[in-house]
**Student:** 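Dropping the structure in here first, questions after.
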Amino acid sequence: MPAFVIVQITIEDPVAYEGYKALASASIAQYGGGYLIRGGQSELLEGGWQPARLVVMEFTTVERAREWLTSPEYSAPKSIRHASARTEMLLVEGVLQLT
């Protein structure tokens with residue numbers, strides 16, 4: 001069953017964060033993941049949630065997503081992310097159904 005990593009991001013150092021994006025993509029792909037949403041405009045429809053930046057990644061399984069997050073390949077990019085942005089990250093197991 002696929003797993004989704006949903007990240008709410010507030011970028012504090014845009015220059016450093018660009019370096020993170022370049023490094024993170026390769027590590028995500030190495031663990032069978034890919035981006036479904038990476039930034040872009042969002043519109044509040046209900047409630048009060050308005051993330052500055054939203055990223056959604058898909059992995060083949062929850063296990064692969066966890067392996068990526070703790071992998072040696074993601075260690076350096078994760079350090080850059082922690083230094084350049086505030087993030088909240090959620091792992092969700094689910095089904096992607098396109099109609």
Side-chain angles (χ1 to χ4, degrees):
M1 181 173 297
F4 303 92
V5 175
I6 303 166
V7 190
Q8 176 177 300
I9 305 165
T10 303
I11 300 170
E12 296 177 334
D13 181 343
V15 173
Y17 191 79
E18 285 301 315
Y20 163 76
K21 288 184 348 185
L23 294 172
S25 296
S27 70
I28 291 165
Q30 186 172 347
Y31 284 82
Y35 292 102
L36 297 177
I37 299 169
R38 190 175 187 186
Q41 296 292 339
S42 63
E43 176 184 348
L44 179 64
L45 299 176
E46 286 188 25
W49 185 40
Q50 189 65 48
R53 180 177 175 83
L54 187 69
V55 174
V56 178
M57 297 169 276
E58 180 182 13
F59 289 85
T60 53
T61 65
V62 165
E63 292 76 21
R64 289 300 278 169
R66 286 186 182 129
E67 289 172 5
W68 160 73
L69 186 62
T70 60
S71 71
E73 295 84 3
Y74 188 58
S75 178
K78 184 171 22 177
S79 293
I80 296 169
R81 178 173 56 83
H82 287 165
S84 65
R86 288 182 290 116
T87 59
E88 289 79 33
M89 187 178 291
L90 184 65
L91 177 58
V92 180
E93 187 176 44
V95 176
L96 179 62
Q97 184 175 355
L98 301 175
T99 56

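Quick note: numbers below take in every heavy atom, side chains included, and nothing from hydrogens, waters or symmetry partners.
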**Student:** In terms of side-chain heavy atoms, does Thr10 have a donor or acceptor partner in Arg53 at a distance below 3.5 Å?
**Tutor:**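 Note: Thr10 and Arg53 side chains miss the donor-acceptor criterion.
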**Student:** Find the distance between CE (Met89) and CD1 (Ile9) and round it off to the nearest 0.5 Å.
**Tutor:**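 Met89 atom CE to Ile9 atom CD1 measures 7.5 Å (nearest 0.5 Å).
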**Student:** Kindly compute the distance separating CG (Asp13) from CZ (Arg81), expressed to the nearest 0.5 Å.
**Tutor:**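 If we round to the nearest 0.5 Å, Asp13:CG and Arg81:CZ are 14.5 Å apart.
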**Student:** Determine whether Glu58 and Val56 make a side-chain contact, defined as any pair of heavy atoms from C-beta on separated by less than 4.5 Å.
**Tutor:**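 In short, these two side chains do not touch, never coming nearer than 4.5 Å.
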**Student:** Going by the angle between their ring planes, with limits at 30° and 60°, are Tyr74 and Trp68 parallel, tilted or perpendicular?
**Tutor:**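 If you compare the ring of Tyr74 with that of Trp68, the planes turn out tilted.
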**Student:** Measure the shortest side-chain to side-chain distance between Gln50 and Glu43 over non-hydrogen atoms and say whether it is less than 4.5 angstrom.
**Tutor:**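 In short, these two side chains do not touch, never coming nearer than 4.5 Å.
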**Student:** So do Tyr35 and Ser25 actually touch side chain to side chain, heavy atoms under 4.5 Å?
**Tutor:**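 Ser25 reaches Tyr35 side chain to side chain.
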**Student:** Where do Val5 and Ala65 come nearest, in terms of heavy atoms and distance?
**Tutor:**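 Answer, listing the atom of Val5 first, then Ala65: CG2-CB, 4.0 Å.
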**Student:** May I ask you to test the Leu91-Val62 pair for a side-chain heavy-atom distance under 4.5 Å?
**Tutor:**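 Side chain of Leu91 against side chain of Val62, heavy atoms only: contact under 4.5 Å found.
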**Student:** Going from CD on Gln30 to CZ on Arg64, what distance comes out if it is rounded to the nearest 0.5 angstrom?
**Tutor:**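 Interatomic distance, Gln30 CD to Arg64 CZ, rounded to 0.5 Å: 8.5 Å.
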**Student:** Does Met57 reach the side chain of Arg38, with side-chain heavy atoms less than 4.5 Å apart?
**Tutor:**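 SC-SC contact between Met57 and Arg38 ruled out.
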**Student:** With the side chain counted from C-beta on, respond yes when Phe59 and Pro2 share a heavy-atom pair under 4.5 Å apart, and no when they do not.
**Tutor:**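 No - every pair of side-chain heavy atoms lies 4.5 Å or more apart.
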**Student:** I want to check something: taking the side chain as every heavy atom from C-beta on, are Trp49 and Gln8 in contact at a cut-off of under 4.5 Å?
**Tutor:**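 They are in contact (side-chain heavy atoms under 4.5 Å apart), so the answer is yes.
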**Student:** Could you tell me if the side chain of Ile37 sits less than 4.5 Å from the side chain of Phe4, heavy atoms only?
**Tutor:**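 No - every pair of side-chain heavy atoms lies 4.5 Å or more apart.
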**Student:** I need the Leu23 CG to Ser75 OG distance, nearest 0.5 Å.
**Tutor:**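 Between Leu23 CG and Ser75 OG, I get 11.5 Å after rounding to 0.5 Å.
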**Student:** Walk me through whether Ile6 and Leu54 qualify under side-chain contact (heavy atoms from CB on, under 4.5 Å).
**Tutor:** CA-CA 7 Å; Ile6 303 166; Leu54 187 69; 4.0 Å; yes
**Student:** Measuring from atom OG of Ser84 to atom CD of Glu18, what distance do you get when rounded to the nearest 0.5 angstrom?
**Tutor:**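 So the OG of Ser84 and the CD of Glu18 are separated by 9.5 Å.
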**Student:** Among all residues two or more places apart in sequence or in another chain, which pass the side-chain hydrogen bond (donor to acceptor under 3.5 Å, both in side chains) test with Arg66?
**Tutor:**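 So Arg66 forms no side-chain hydrogen bond (donor to acceptor under 3.5 Å, both in side chains) with any residue.
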**Student:** Kindly determine whether Tyr20 and Lys78 satisfy side-chain contact (heavy atoms from CB on, under 4.5 Å), including the steps that lead there.
**Tutor:** CA-CA 8 Å; Tyr20 163 76; Lys78 184 171 22 177; 5.8 Å; no
